[in-house]
Asks: 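Below you'll find the structure I mean.
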Amino acid sequence: MLEEVEGWLTRRSWSAADRPLEQLLAARDGDPHRGSVSVVLPALNEAATVGDIVGTIRRELMEKVRLVDELVVIDSGSTDATAEIARRAGARVIHRDAILPRLPAVPGKGEVLWRSLLVTSGDIVCFIDADLKDFSADFVSGIVGPLLTDPSVQFVKAMYDRPFGDTAGQGGRVTELVARPLLNLHWPRLAGFVQPLGGEYAVRRSLLERLPFPVGYGVELGLLVDALHTVGLDALGQVDVGVRKHRHQDGQALGRMAAAIYRTAQLRLSRGHLVRPSLTQFERGEQGFVPHTYPVDTEERPPMCEIEEYVSRRAA
């Protein structure tokens, strides 16, 4: 590990307990310019978990204390009761396709996160995945804490243990097999991030609006790499929030995720074009192995500060 990264780990890695709620509230009350907070949950068929997450954030961080100013669920086209449950639990729910309708939406998590900037107003935007189980409000307060108490911090990721079934520390297979090797080899200054692909992170809007968003699974890697180049390592941090339990994807879904992440990295390394941006996987059928080919996410949305509707809204 680079000496610079070792120093960064000491300065920019914290625990959620390092900044209790009382300290965060005092920081906001003492300086109104510390920033308002928007929490965004991208959701696609997460009826089993989204209600508990929304309910916990609203109860613990909006009603008992006023740390979160805005709670929005962006529905990616769920076919279950995700939108209804989230709305009932206290979130403002917006369908992805209703945002920036002049630009047809494409499937993908990054697309939803990008569009969320147009329908939120917080100076700090906190993204939380909607499939978390046993959710704690520390996931939010922990990662927004450094942004509220230290003006030099721009981007904070959650770090946590990811159990796989009953086995501790074995989750995050794409992280260990794809993302961590890529970062260590090509962006070694980011080697200190425990969960570089984690979906829980808080960022100042002033930074987010300057970054391009890969539309698919590569969004977390892309934002992290681009943030490093935009504001430097010392503006980035991470906070330990304990344990993250969520729905695990099967091996083939992970393969598609890995391909999108690799593509995101490849674009940032060369800004070139893959000859064949697709991934073929195999499933056993009655007559043997059957190939299935999937496109790899290659599209990226431009920085939001280049979108006319966003600029007009911010100027109003």
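All values derive from a computational prediction rather than experimental measurement.
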Asks: Would you say the side-chain atoms of T82 and N45 include a donor-acceptor pair closer than 3.5 Å?
Replies: no
Asks: Residues two or more places apart in sequence or in another chain: which of them pass salt bridge (charged side-chain N to carboxylate O under 4.0 Å, His left out) with D240?
Replies: none
Asks: Could you see if V203 belongs to whatever hydrophobic cluster contains M159? Use Ile, Leu, Val, Met, Phe, Trp, Tyr and a side-chain cutoff under 4.5 Å.
Replies: no
Asks: Do the side chains of H186 and R268 get nearer than 4.5 Å, heavy atoms only?
Replies: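 In short, these two side chains do not touch, never coming nearer than 4.5 Å.
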Asks: Evaluate the side-chain proximity of V119 to I74: yes if any heavy-atom separation is below 4.5 Å, no if none is.
Replies: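 When only atoms from C-beta onward are counted, V119 and I74 do touch, with a gap below 4.5 Å.
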Asks: Where do L67 and S141 come nearest, in terms of heavy atoms and distance?
Replies: CD2-CB, 3.9 Å
Asks: Are S136 and V241 packed together at the side-chain level, in the sense that at least one heavy-atom pair is separated by less than 4.5 angstrom?
Replies: no
Asks: Quick one: are P188 and V5 in side-chain contact, heavy atoms under 4.5 Å?
Replies: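 With C-beta onward as the side chain, the pair stays apart.
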Asks: So does R59 pair up with E63, basic N to acidic O under 4.0 Å?
Replies: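 So R59 does not pair with E63 through a salt bridge.
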Asks: Under a 4.5 Å side-chain heavy-atom rule over Ile, Leu, Val, Met, Phe, Trp and Tyr, are L2 and V225 clustered together?
Replies: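 As far as the 4.5 Å side-chain criterion goes, V225 and L2 are connected within one cluster.
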Asks: In plain terms, say whether R87 and D75 are close enough for a salt bridge, that is, a side-chain N and a carboxylate O under 4.0 Å apart.
Replies: no
Asks: Given side chain to side chain contact (heavy atoms under 4.5 Å, CB included), test L182 with Y262 step by step and report yes or no.
Replies: CA-CA 8 Å; L182 281 171; Y262 178 82; 4.2 Å; yes
Asks: Is any side-chain heavy atom of R314 closer than 4.5 Å to a side-chain heavy atom of V311?
Replies: no
Asks: Of all the heavy-atom pairs spanning L44 and S78, show the shortest one and how long it is.
Replies: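 So the minimum-distance heavy-atom pair works out to CA-OG, 3.4 Å.
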Asks: Is there a side-chain contact between L100 and E309, using heavy atoms and a 4.5 Å cut-off?
Replies: yes
Asks: Which pair of non-hydrogen atoms, one from V93 and one from A86, has the smallest distance, and what is that distance?
Replies: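 The answer is CG2-CB, 3.8 Å.
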Asks: Given T49 and L132, is the side chain to side chain contact (heavy atoms under 4.5 Å, CB included) satisfied, shown in steps?
Replies: CA-CA 6 Å; T49 50; L132 302 186; over 6 Å; no
Asks: Shortest non-hydrogen contact from K157 to L197?
Replies: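 For K157 versus L197, the nearest heavy atoms are NZ-C, 4.1 Å.
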Asks: Could you report the tightest heavy-atom contact between R301 and A105, atom names first, then the distance?
Replies: NH2-CA, 4.3 Å
Asks: Return yes if a side-chain donor-acceptor contact under 3.5 Å exists between S76 and R115, otherwise no.
Replies: no
Asks: Pairs of donor and acceptor atoms involving the side chains of residues 17-25, under 3.5 Å and at least two apart or interchain, shall be tabulated with distances.
Replies:
residue	atom	partner	partner atom	Å
D18	OD2	S15	N	2.8
R19	NE	T149	OG1	2.9

Asks: Run the salt bridge (charged side-chain N to carboxylate O under 4.0 Å, His left out) test against E306 and tell me which residues pass, sequence neighbours left out.
Replies: none
Asks: Please find the pair of heavy atoms, one from A227 and one from F155, that lie closest to each other, and give the distance.
Replies: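 For A227 versus F155, the nearest heavy atoms are CB-CD1, 3.8 Å.
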Asks: Regarding Q266 and S270, is there a side-chain donor-to-acceptor distance under 3.5 Å anywhere?
Replies: yes
